[in-house]
Amino acid sequence: MPYSPGPDPDPDADPEVGPGADPHASHPNSPYFGAVVLRWNRHPSCVGLARLELRKALASWGLGRLEDSAVLILSELLTNAARHARVSPGREIETRYVRRPCGGLRIEVHDASSERPRRRTPELDATDGRGLVIVDALADVWGVGERNGPGKVLWAHLDPPPEG
């Protein structure tokens with residue numbers, strides 16, 4: 001699947017969703033209106049809790065058909081941030097789940113580390129190193145972008161499957 005180094009590969013296709021938007025705005029014209037925004041510590045248990053919250057959001061939006069891919073993408077991005085984002089104690093990781101106008105989903109994982117993830121080719125018997133390979137295989141498009149404040153945002157889009 002395509003990788004994009006910036007906020008969105010096609011800004012005209014989804015102009016209201018981007019990492020620079022205010023996630024806390026409650027106004028219906030806000031880019032993140034209706035988004036689920038949560039903060040997590042770097043403990044491994046946060047991944048399972050974040051998946052649960054994503055499942056709830058998908059069910060409420062009628063996007064259950066995206067659940068399998070969405071929770072796996074979230075798991076990989078959040079685990080990557082929890083393991084590799086070396087930041088000051090007390091810094092949290094933020095997830096955002098946003099229903100896209102096309103009927104799809106945008107998953108974002110924000111962390112305060114400026115270090116960009118690297119896609120690796122792990123040895124066959126390695127027990128890690130496949131996260132971004134999995135994200136690349138499942139997401140319609142994904143990327144890394146700047147965010148307000150220190151750090152970066154990793155994001156992935158899942159589009160609804162074609163009808164029929």
>> For a 4.5 angstrom cut-off between non-hydrogen side-chain atoms, does Ile134 reach Leu72?
In response: yes
>> To the nearest 0.5 Å, what is the distance between OG on Ser114 and CZ on Arg147?
In response: 11.0 Å
>> Using salt bridge (Lys or Arg N to Asp or Glu O under 4.0 Å), reason through Asp159 and Arg100 one step at a time and then give a plain yes or no.
In response: CA-CA 9 Å; Asp159 293 329; Arg100 297 182 62 222; 2.8 Å; yes
> Could Arg96 and Glu94 be called an ion pair, given the rule that one side-chain N must be under 4.0 Å from one carboxylate O?
Replying inline: yes
> For Ala35 and Val98, which heavy atoms make the closest approach, and how far apart are they?
Replying inline: CB-CG2, 3.8 Å
>> For a 4.5 angstrom cut-off between non-hydrogen side-chain atoms, does Glu53 reach Tyr97?
In response: yes
> Could you walk me through whether Glu108 and Arg106 pass the salt bridge (Lys or Arg N to Asp or Glu O under 4.0 Å) check?
Replying inline: CA-CA 7 Å; Glu108 296 182 5; Arg106 179 178 174 102; 2.6 Å; yes
> Any side-chain heavy-atom pair from Val36 and Trp61 closer than 4.5 angstrom?
Replying inline: yes
>> Do Lys152 and His110 have side chains that approach each other closer than 4.5 Å (heavy atoms only, starting at C-beta)?
In response: no
>> How close do Ala70 and Leu105 get, counting heavy atoms only, and between which atoms?
In response: CB-CD2, 3.7 Å
> Any side-chain heavy-atom pair from Leu49 and Trp40 closer than 4.5 angstrom?
Replying inline: yes
> Which heavy atom in Leu138 sits nearest to a heavy atom in Ser69, and how many Å separate them?
Replying inline: CD2-OG, 3.9 Å
> Does Leu54 share a hydrophobic cluster with Leu52, counting links as ILVMFWY side-chain heavy atoms below 4.5 Å and allowing steps through other members?
Replying inline: no
> Testing Leu77, Leu158, Ile73, Leu132 for side-chain contact (heavy atoms from CB on, under 4.5 Å) with Trp142, which one passes?
Replying inline: Leu132
> Hey, does Val153 have a side-chain heavy atom less than 4.5 Å from the side chain of Val109?
Replying inline: no
> In Å and rounded to the nearest 0.5 Å, what is the CG to CD distance from Leu58 to Glu67?
Replying inline: 6.5 Å
> So do the side chains of Thr95 and Ile107 get within less than 4.5 Å of each other, counting heavy atoms only?
Replying inline: no
> Does the pair Glu146/Arg116 count as a salt bridge with the N-to-O cut at 4.0 Å?
Replying inline: yes
> Closest approach of Pro160 and Cys102, non-hydrogen atoms and distance?
Replying inline: CG-O, 3.6 Å
>> Could you walk me through whether Arg51 and Glu76 satisfy the salt bridge (Lys or Arg N to Asp or Glu O under 4.0 Å) test, starting with their C-alpha distance in whole Å, then the side-chain angles of each, then the deciding distance to 0.1 Å, before giving a yes or no?
In response: CA-CA 11 Å; Arg51 284 193 306 248; Glu76 296 303 332; over 6 Å; no
> Where do Asp111 and Ala81 come nearest, in terms of heavy atoms and distance?
Replying inline: OD2-CB, 3.7 Å
> Which atoms form the tightest heavy-atom contact between Ala50 and Leu78, and what is the distance?
Replying inline: CB-CD2, 3.4 Å
